[in-house]
Amino acid sequence: MLRVENITKKFGRFKALEEISANFDAGDSIALLGPNGSGKTTLIKSILGLVVPSKGAVYYQGKKVQPDQLRNITGYMPQIGRYPENMSIKGLLEMMLSIRGTQMADCDVELYEQFRIHDIEKKKLGALSGGTKQKVGAVLAFLFHPEILILDEPTAGLDPYSSSLLKEKINCFRHEEKLVIITSHIISELDELVSKVMYLIEGQLHFYKPVESIKEQSSQTALEKALASLMLTDNELRLSYANT
C-alpha cells in the first residue's frame, strides 16, 4: 500500500533520517517507536509532505508520489494540535469542510457524536483543555474517510472513557484494510492496537518486526515487557534509552 524508500533527511550537518526503507501494507497498524530525537516525527512529516526528504521517495500503490499527494487520503492527528485560538470548534470544522469541498453529512461523524462535540462546538479553540483539543484532533483525523491514519501520541490527555472510544475506533479502521501508523510512549496502550513495531535509533531503522515475533523472541506476552526484555540483550537498544 505505502512504501518509503531510502528516505534520508539532513538539517545542515545533522542527519535526522538515514536510508529508511519499509513497506506498510493495508490492514497494518504500525507502532513507530524510538527514543527522543530518533527521527519519528521527521519520518511522519516526510510521508505527509510537511518535510521534503534530502534523498529517497514515497510510493503509494506502487507509484511514486510527490510530497503533498497523500494529504487528501491521510488523516493526521498531531501530538499537540495548534488551531486558531479565536476560532470556535464549529468554525474550524466548517473551514475544513469548505477546504475539502464536502458536507458534514458525507463525513465520518462517529467520534464527533461520541465525544459530544456538538455540545461544545461554539467554544473558542484557545479556551479548550488539552484533552478536549485531543478530541477535536481525533475527530478531524477520521472525518474525511482517510485511507491512511497517522496518530502522534493519540491518547495523551484523554480521560479513560474517551481513550477507550478512540482505541475502539482505531481498531475498526484497521479492520477495514486501511493503514494506521501510531507513535506513543505509552507502550502498554499499543498492545491492543498494533500489528508491527518499527523502531528507530538516531535516524536509522533498528528493526521492523511483527508484534508476535517480538513477543516470541522475548518469551513475553505483553509488548511492553517484550521490548523491555529486548533491551537486556540488545546493547544498542539499551543505550539509546539511557541517553535520552
Side-chain angles (χ1 to χ4, degrees), residues 1-48 50-60 76-79 148-156 170 174 179-244:
M1 181 180 192
L2 183 71
R3 174 169 175 77
V4 294
E5 188 171 291
N6 300 321
I7 295 293
T8 298
K9 179 60 184 178
K10 296 180 180 179
F11 295 97
R13 295 183 179 180
F14 174 68
K15 190 176 287 187
L17 293 173
E18 183 173 1
E19 302 286 341
I20 302 294
S21 296
N23 286 312
F24 305 126
D25 299 321
D28 274 347
S29 184
I30 314 297
L32 179 57
L33 304 180
N36 295 334
S38 61
K40 303 186 297 296
T41 299
T42 303
L43 180 58
I44 285 174
K45 288 185 175 181
S46 297
I47 294 171
L48 291 169
L50 300 175
V51 164
V52 179
S54 307
K55 175 185 174 184
V58 178
Y59 294 81
Y60 177 69
Y76 175 48
M77 181 180 175
Q79 180 178 359
I148 301 167
L149 192 64
I150 299 179
L151 308 172
D152 193 354
E153 301 285 352
T155 61
I170 293 169
R174 170 188 167 191
L179 172 63
V180 184
I181 301 174
I182 305 174
T183 70
S184 179
H185 286 94
I186 310 174
I187 307 301
S188 59
E189 290 198 344
L190 296 176
D191 228 327
E192 59 190 285
L193 296 177
V194 301
S195 56
K196 296 179 181 177
V197 173
M198 184 177 190
Y199 197 95
L200 303 181
I201 295 178
E202 294 184 351
Q204 297 182 331
L205 180 57
H206 189 60
F207 67 78
Y208 182 35
K209 297 180 179 181
V211 169
E212 291 307 315
S213 174
I214 295 171
K215 291 179 178 180
E216 182 178 346
Q217 180 183 346
S218 62
S219 300
Q220 297 289 338
T221 58
L223 179 59
E224 184 174 31
K225 291 184 178 180
L227 290 173
S229 179
L230 284 182
M231 289 184 188
L232 296 176
T233 57
D234 188 323
N235 186 57
E236 187 174 0
L237 186 62
R238 184 172 65 252
L239 289 176
S240 72
Y241 266 97
N243 292 327
T244 60

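Keep in mind that what you see is a predicted model, and the values were worked out from it rather than measured.
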Say you draw a straight line from [atom1] of [X] to [atom2] of [Y]; how long is it, rounded to the nearest 0.5 Å?
{"X": "Gln217", "Y": "Glu212", "atom1": "CD", "atom2": "CD", "answer": "13.0 Å"}
{"X": "Leu227", "Y": "Gln220", "atom1": "CG", "atom2": "CD", "answer": "10.5 Å"}
{"X": "Glu18", "Y": "Ile7", "atom1": "CD", "atom2": "CD1", "answer": "13.0 Å"}
{"X": "Ile150", "Y": "Leu43", "atom1": "CD1", "atom2": "CG", "answer": "8.5 Å"}

Indicate yes or no: at least one non-hydrogen side-chain atom of [X] is less than 4.5 angstrom from one of [Y].
{"X": "Ile148", "Y": "Met1", "value": "yes"}
{"X": "Val197", "Y": "Leu223", "value": "yes"}
{"X": "Thr42", "Y": "Phe11", "value": "yes"}
{"X": "Ser38", "Y": "Ile201", "value": "no"}
{"X": "Leu230", "Y": "Lys209", "value": "no"}
{"X": "Thr41", "Y": "Gln79", "value": "no"}
{"X": "Ile182", "Y": "Ser29", "value": "yes"}
{"X": "Leu17", "Y": "Thr8", "value": "no"}

So which atom in [X] and which in [Y] form the shortest heavy-atom distance, rounded to 0.1 Å?
{"X": "Lys40", "Y": "Leu32", "answer": "CD-O, 3.4 Å"}
{"X": "Pro35", "Y": "Leu200", "answer": "CD-O, 3.5 Å"}
{"X": "Phe24", "Y": "Ile47", "answer": "CE1-CD1, 4.3 Å"}
{"X": "Leu190", "Y": "Ser184", "answer": "CD2-CB, 4.0 Å"}
{"X": "Ser21", "Y": "Arg3", "answer": "CB-NH2, 4.0 Å"}

side-chain contact (heavy atoms from CB on, under 4.5 Å) between Ile44 and Leu50: does it pass, once the steps are laid out? CA-CA 9 Å; Ile44 285 174; Leu50 300 175; over 6 Å; no
Quick check: are there more than 12 heavy atoms from other residues, nucleotides or ligands sitting under 6.0 Å from CD of Glu19? yes
For Leu193 and Arg174, run side-chain contact (heavy atoms from CB on, under 4.5 Å): C-alpha distance rounded to whole Å, both residues' side-chain angles, the deciding distance at 0.1 Å, then the answer. CA-CA 9 Å; Leu193 296 177; Arg174 170 188 167 191; 5.8 Å; no
Residues pairing under side-chain hydrogen bond (donor to acceptor under 3.5 Å, both in side chains) where one sits in residues 186-198, two or more places apart or in two chains, turn out to be Asp28-Lys196, Thr155-Glu189, Asp191-Lys215
Tell me whether Tyr76 contacts the main-chain N or O of Lys45 through its side chain, where contact means a donor paired with an acceptor under 3.5 Å.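 Not at all, since once roles are kept as given, no pair shorter than 3.5 Å links the two residues.
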